[in-house]
There are 2 protein chains.
Amino acid sequence: MGRKHIKPGKVRLTEVAALAGVSPITVSRFFRNPDTVSAGRRLRIESAAKDLGYVPNLAARALASQRTEVIGVLIPSLTNNVFSDVLRGIYDAFEGSRYSIQLANTRYSVLQEERLLRLFLMQKPAGLIVTGVDQTAEGRALVQAADCPVVQIMELGPEPIDMMIGFSHVDACYAAISHLLAQGCRRIGFLGARMDPRVQRRLQGYQNAMKNAGLFDPRLIVTTAVPTSTTMGGNLFSDLMLRAPDIDAVFCANDDLALGVLFECQRRHIAVPEQIAIVGFNDMEFMAAAVPTLTSVRTNRYEMGLRAATMIMDDVEGRPVTGRVVDLGFEVIERQSSTLQRAALTGPVQADRASGTKW
Amino acid sequence: MGRKHIKPGKVRLTEVAALAGVSPITVSRFFRNPDTVSAGRRLRIESAAKDLGYVPNLAARALASQRTEVIGVLIPSLTNNVFSDVLRGIYDAFEGSRYSIQLANTRYSVLQEERLLRLFLMQKPAGLIVTGVDQTAEGRALVQAADCPVVQIMELGPEPIDMMIGFSHVDACYAAISHLLAQGCRRIGFLGARMDPRVQRRLQGYQNAMKNAGLFDPRLIVTTAVPTSTTMGGNLFSDLMLRAPDIDAVFCANDDLALGVLFECQRRHIAVPEQIAIVGFNDMEFMAAAVPTLTSVRTNRYEMGLRAATMIMDDVEGRPVTGRVVDLGFEVIERQSSTLQRAALTGPVQADRASGTKW
DNA sequence: AGCGATATTGACAGCGCTATCACACGGTTG
DNA sequence: CAACCGTGTGATAGCGCTGTCAATATCGCT
């Protein structure tokens, strides 16, 4: 035999329907689309539901309707606060909507990502947001088979699974290096941590720029697989100084590293930018507050999350998504740490000069 | 009539059972607890499932079993990176388990929190992790009625809903101020942003300490409802300097603020710690890298997340939870920015001296 | 060999909701 | 006035899985 007794206190659609004097299916309609129910019944159902404290059962709904309102989000790290901005955009966009977010952490592993993808797909998500373009072939296939809208975020690539929003890390870094070259820097170091695919592409941009300028020197590149941190910035910079004491600028693949470099320069009494210019990447909030203020490449992380979420919702709800591949661009925010003409290093904080090229 | 045709490609338990030559319920058992199925069938089912590409339907499972494996997590902010450490602990603990996490953002609003709680409860979560002790009465009632394990994190309070893990913000701040007093500071400012309940309690600790020392002066307190940021640290410090130019130390309710204060001191050529000592709160990574290294109150955020998650799992799975209220304590990490006897401010970074009182 | 105890397996009846079709009703239209 | 339409409502039959209990197979022991 199946279940024995029904708990007395349990409130289902049926109970609400009985109290309101309508059929269960009408109550179901009321909750999904109130307009399709006549005004009189609408009121009766509403008060009946409130009286009984009815709460819809999502599992039953998902089973009967063969779909859910869960959006899966896969990001590589919870520590790297680049992603907290993206997440904030995503959460803000879904705020108040009927969708809920399931977040998972791939820890920068494509295998982990594939496993999580598989896990998500068990829930028949309404949509998926994944980071980057380096999914495994199997992962891509899985997602494509699931046929729900998918947005790849953070960067752009040649073959979108479905939709895509990001910017070119190669170009962004190229622009940052070009800015340093324009300031007259010639021996520009590259510091990178973690070396995930996006940092790799920034390194590529650095190499392109340096080679084009005929200034490439592999000794100027110092990287580590260890995650980024301020302390690591100081360490990598120390390594760089050992290898190439003649550097006149440092590009850091993350702002954390740039802050660490700044502190290490203070410790070594190296004048920034006079002796060494510093440029970071991401334009975190603290960059504008540092002394000297630190140049960085602004990336539109919040907007990226917001728009990715909007694209998903539009697609799920059948609205046309204009532009399924969106380039959000970036902007080199030139500040004191890389502006050699100016030397008022200890003056008051100055407003961002978004004078850099907007891409 | 109900549904018409079954999609031909669809794979259910039944299809796997047919191919493996067993009953559907045996396949169900295999997926939930392989050990209860004999070895022979186990192999047949395993290969049948793989051949057919079977993927369990979680909605059906949830409906039939009347429970889910979703853990709801409510945090007030995605921006404040205090929470990213807690989250990392939570995600790490659930990693590889059968539970999945549903994360929501209350934006420091108890009403929003109540709404989200209601939303979560529709899914009959296996457990709930909520931030702080200031839920609405209705929110508490809802959660208690849901009867799933609940852990309140981040702080301690008199009436736990169920389980609780955190530390006393009042005591932590009291200890930090005591440290400054021990260093000979007398005019100690308090800077606070956002002023959420936990920052309020830190302020309380500050007041207690200052009053006990007979040094309390309301003009030394500068706060804002605006969220914390490095720039805001500089601004608040500037305000404080206007109000009380004779301060000899600043306690910052967040490390971001402390970093901003440090930069503002650099801008104003104020020597730290000789002229003004700085103490932060949370001991973020960059505090140990700054010049001078910045004193802070270490809070065990990662461990808090990890243990909260473990407590939930233990409780769900019927293991006894030893200590349903856990005080994780804190530690004042004394660094250069508040150590007045020592003045080697620009020497190499030194290892953390966890010489502070451990609570 | 015979017994109860234990491990495996299966049959059945739902879990609470929604897709689908059917139908009643009032208002048009030719 | 019949044929037609659109709107609101209801009856029915599942969605794919698991809780419960019963049945059978296997085992250790006297």
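A note on names: the letters A, B, ... follow the listed sequences, proteins ahead of strands, and every chain is numbered from 1.
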> Rounding to a whole Å, what distance do you find between A/Glu69:CD and C/dC17:P?
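In whole Å, C/dC17 P and A/Glu69 CD are 14 Å from each other.
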
> In whole angstrom, give the distance that lies between atom CG of B/Leu63 and atom P of C/dG14.
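To the nearest whole Å, that distance equals 14 Å.
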
> Please report, rounded to the nearest Å, how far the P atom of D/dG8 is from the CD1 atom of A/Ile45.
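For the pair A/Ile45 CD1 and D/dG8 P, the rounded distance is 13 Å.
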
> If we check side chain to side chain contact (heavy atoms under 4.5 Å, CB included) with B/Leu103, which of these qualifies: B/Leu74, B/Ile75, B/Ile71?
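That would be B/Ile75.
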
> Could you pull out the closest heavy-atom pair between A/Gln135 and A/Ile161, with the gap in Å?
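Scanning both residues, the minimum pair turns out to be OE1-CD1, 4.0 Å.
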
> Polar atoms only, N or O, under 3.5 Å: list the protein pairs with nucleotides 7-9 of chain C and their distances.
| residue | atom | partner | partner atom | Å |
| --- | --- | --- | --- | --- |
| C/dT9 | OP1 | B/Ser38 | OG | 2.4 |
| C/dT9 | OP1 | B/Arg41 | NE | 2.4 |
| C/dT9 | OP2 | B/Ser38 | N | 2.9 |
| C/dT9 | O3' | B/Arg41 | NH1 | 3.1 |

> Of the nucleotides C/dC15, C/dA19, D/dG19, which one has an atom closest to the side chain of B/Ala64?
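The nucleotide sitting nearest to the side chain is C/dC15.
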
> Taking 4.0 angstrom as the limit, do B/Glu114 and B/Arg140 come out as a salt bridge?
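So B/Glu114 does not pair with B/Arg140 through a salt bridge.
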
> Nearest whole Å is fine: how far is D/dT20 P from B/Arg32 CZ?
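For the pair B/Arg32 CZ and D/dT20 P, the rounded distance is 11 Å.
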
> Please determine if a side-chain N or O atom of A/Arg12 lies less than 4.0 Å away from the OP1 or OP2 oxygen of C/dG16.
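Checking C/dG16 against A/Arg12, a side-chain N or O does come within under 4.0 Å of OP1 or OP2.
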
> Has B/Arg67 got a side-chain N or O lying under 4.0 Å from the OP1 or OP2 atom of D/dC17?
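Answer is no, no contact under 4.0 Å.
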
> Write down the distance between CE (A/Met122) and C1' (D/dG16), rounded to a whole number of angstrom.
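Result: 13 Å.
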
> Applying a 4.0 Å non-hydrogen cut-off, can you work out what A/Tyr54 is touching in the nucleic acid: base, sugar-phosphate, or nothing?
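Sugar-phosphate contact only - A/Tyr54 comes under 4.0 Å of backbone atoms but never of a base.
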
> Say whether, by atom type as modelled, one donor and one acceptor occur between the side chain of B/Thr26 and the main chain of B/Val22 under 3.5 angstrom.
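Not a single qualifying donor-acceptor pair exists.
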
> What's the CG-C1' distance between B/Asn57 and D/dG14, to the nearest Å?
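Taking CG of B/Asn57 and C1' of D/dG14, I get 14 Å after rounding.
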
> Under the 3.5 angstrom rule, does the side chain of B/Tyr54 hit a backbone N or O of B/Glu46 as a donor-acceptor pair?
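Looks like no, no N/O pair under 3.5 Å.
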
> Within the pair A/Gln66 and D/dG16, is there a side-chain N or O less than 4.0 Å away from OP1 or OP2?
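The answer is yes; a side-chain N or O of A/Gln66 sits under 4.0 Å from OP1 or OP2.
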
> Any carboxylate oxygen within less than 4.0 angstrom of a Lys/Arg side-chain nitrogen, looking at A/Arg107 and B/Asp92?
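Salt bridge between A/Arg107 and B/Asp92, a charged N being under 4.0 Å from a carboxylate O: yes.
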
> Calculate the interatomic distance between B/Asn33 atom CG and D/dT18 atom C1'; express it in whole Å.
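Value for this atom pair: 14 Å.
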
> Using a cut-off of less than 4.0 Å, is there contact between a side-chain N or O of B/Lys10 and OP1 or OP2 of D/dG16?
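Looking at the OP1 and OP2 atoms of D/dG16, one of them is under 4.0 Å from a side-chain N or O of B/Lys10.
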
> Among all residues two or more places apart in sequence or in another chain, which pass the ring-ring contact (aromatic ring centres under 6.0 Å, His included) test with B/Tyr108?
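Expected list: none.
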
> In whole angstroms, how far is the C1' atom of D/dC17 from the CZ atom of A/Arg61?
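Distance, rounded to whole Å: 20 Å.
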
> Please work out if A/Pro56 contacts a base, only the sugar-phosphate, or nothing of the nucleic acid, heavy-atom cut-off 4.0 Å.
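Sugar-phosphate: the residue A/Pro56, judged by heavy atoms under 4.0 Å, touches backbone atoms but no base.
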
